[in-house]
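Values reported hereafter were calculated over all heavy atoms of this structure, with side chains retained and with hydrogens, waters and symmetry mates removed.
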Amino acid sequence: MDLGLTGRVAVVAAASKGLGRAVAEELAREGAHVAICARMASTLEETAAQIQKATGREVFYRTLDVADSKAVTSFVAAVETSFGRLDICVTNSGGPPSNLFRNTPPEAWRTALDQLLMSTIYFAKETLPRMQKNKWGRLITITSSAVKQPVDGLLLSNSIRAAVTGLARTLANEYAADGITVNNVNGTSIAVDGGLVRSLL
């Protein structure tokens, strides 16, 4: 099935492995130019090479921490410079450690906020205005089943991923007139196969 993604430019965060990598590879298979980022330089470079070899599509990559706002700004600008546009952004990050409320210090909350919520905000602020210029865009936040039903022990994920869900729903209303859709996707319910991109877009 042709999803009409040939020539589109997609950013996928935290894409050196796991679900992020699977999303990036499927987007490339559908004909999109893909830009990926992650913290581990060696893994990221290897992933970019493997996706490019498997799909024949150019893959732009850069090492960065998604919780670093300046790094995200620089990355998105570089992607636009390299490909000339930006159409799709998939926000993603690792999950915070499990813990009970009584054992969770304030700094752990701040780290989790930066990792899950603020990283999504940083990517949204950089990519949505670029999508507006094209009057077309897709912003997808990968969340978890915890946004529907809290999972015992996953205090930080339960709390902050719910905030990401609320953010995405609000942005969906705000940017709909510009031809931009904003969706949350429960990562635990997605099959990593040829239907992956269809479930996202």
Subject >> Listed partners of Lys135 passing salt bridge (Lys or Arg N to Asp or Glu O under 4.0 Å), at least two apart >> reply: Asp178

**OP:** Could you pull out the closest heavy-atom pair between Ala78 and Arg62, with the gap in Å?
**Re:** CB-NH2, 3.5 Å

Original post:
For the residue pair Ala67 and Asp114, what are the closest heavy atoms and their distance?
Top reply: CB-O, 3.7 Å

**OP:** Supply the atom-to-atom distance Met40 CE to Glu46 CD, rounded to the nearest 0.5 angstrom.
**Re:** 11.0 Å

Original post:
Roughly how far, to the nearest 0.5 Å, is the CG atom of Leu64 from the CZ atom of Phe75?
Top reply: 6.0 Å

Original post:
Rounded to the nearest 0.5 Å, how far does CG of Leu116 lie from OG1 of Thr111?
Top reply: 10.5 Å

Subject >> Within one Ile-Leu-Val-Met-Phe-Trp-Tyr cluster: Val76 and Ile180, side-chain cutoff 4.5 Å >> reply: yes

**OP:** Taking atom types as modelled, find out whether Ser93 and Gln115 have a side-chain donor-acceptor pair closer than 3.5 angstrom.
**Re:** no

Original post:
Is it the case that more than 12 heavy atoms not belonging to Arg39 sit under 6.0 Å from its CZ atom?
Top reply: no

Subject >> Side chain Arg57, main chain Gly31, donor-acceptor under 3.5 Å >> reply: yes

Original post:
Under 6.0 Å from the CG atom of Asn103, do we count more than 12 heavy atoms belonging to anything else shown?
Top reply: yes

Subject >> Non-neighbouring partners of Thr104 that pass side-chain contact (heavy atoms from CB on, under 4.5 Å), sequence neighbours left out >> reply: Asn99, Ala108, Trp109, Leu155, Leu156

Subject >> Sequence-distant partners of Tyr175, ring pair (Phe, Tyr, Trp, His ring centres under 6.0 Å), two or more places apart >> reply: none

**OP:** Sequence neighbours left out, what passes salt bridge (Lys or Arg N to Asp or Glu O under 4.0 Å) with Asp68? Give chain and number order.
**Re:** none

Original post:
In Å and rounded to the nearest 0.5 Å, what is the CD to OG1 distance from Gln50 to Thr55?
Top reply: 11.5 Å

Original post:
So does Arg130 pair up with Glu80, basic N to acidic O under 4.0 Å?
Top reply: yes

**OP:** Check Val66 against Tyr122 and note the closest heavy-atom contact, atom names and distance.
**Re:** O-CD1, 3.7 Å

Subject >> Closest contact, heavy atoms only, Val182 versus Ala168 >> reply: CG1-O, 3.4 Å

Original post:
Which residues satisfy the side-chain contact (heavy atoms from CB on, under 4.5 Å) test with Ala14, sequence neighbours excluded?
Top reply: Asn92

Subject >> Results of side-chain contact (heavy atoms from CB on, under 4.5 Å) for Tyr61 - residues two or more places apart only >> reply: Ile36, Leu44, Glu45, Ala48

**OP:** Would you check if the side chain of Thr47 reaches a backbone N or O of Ser16 as a donor-acceptor pair within less than 3.5 Å?
**Re:** yes

**OP:** Of all the heavy-atom pairs spanning Asp87 and Gly7, show the shortest one and how long it is.
**Re:** OD2-O, 4.4 Å

Original post:
Is the NZ or CZ atom of Arg8 both under 6.0 Å from the centre of the six-membered ring of Trp136 and within 45° of that ring's axis?
Top reply: yes

**OP:** For Val34 and Leu27, work out which heavy atoms get closest and say how close.
**Re:** CG2-CB, 4.1 Å

Original post:
How about Asn184 and Thr141: does a side-chain donor come under 3.5 Å of a side-chain acceptor?
Top reply: yes

**OP:** Kindly compute the distance separating CZ (Arg161) from CD1 (Ile142), expressed to the nearest 0.5 Å.
**Re:** 9.5 Å

Original post:
Do Ile140 and Val12 belong together in a cluster built from hydrophobic side chains that touch within less than 4.5 Å?
Top reply: yes

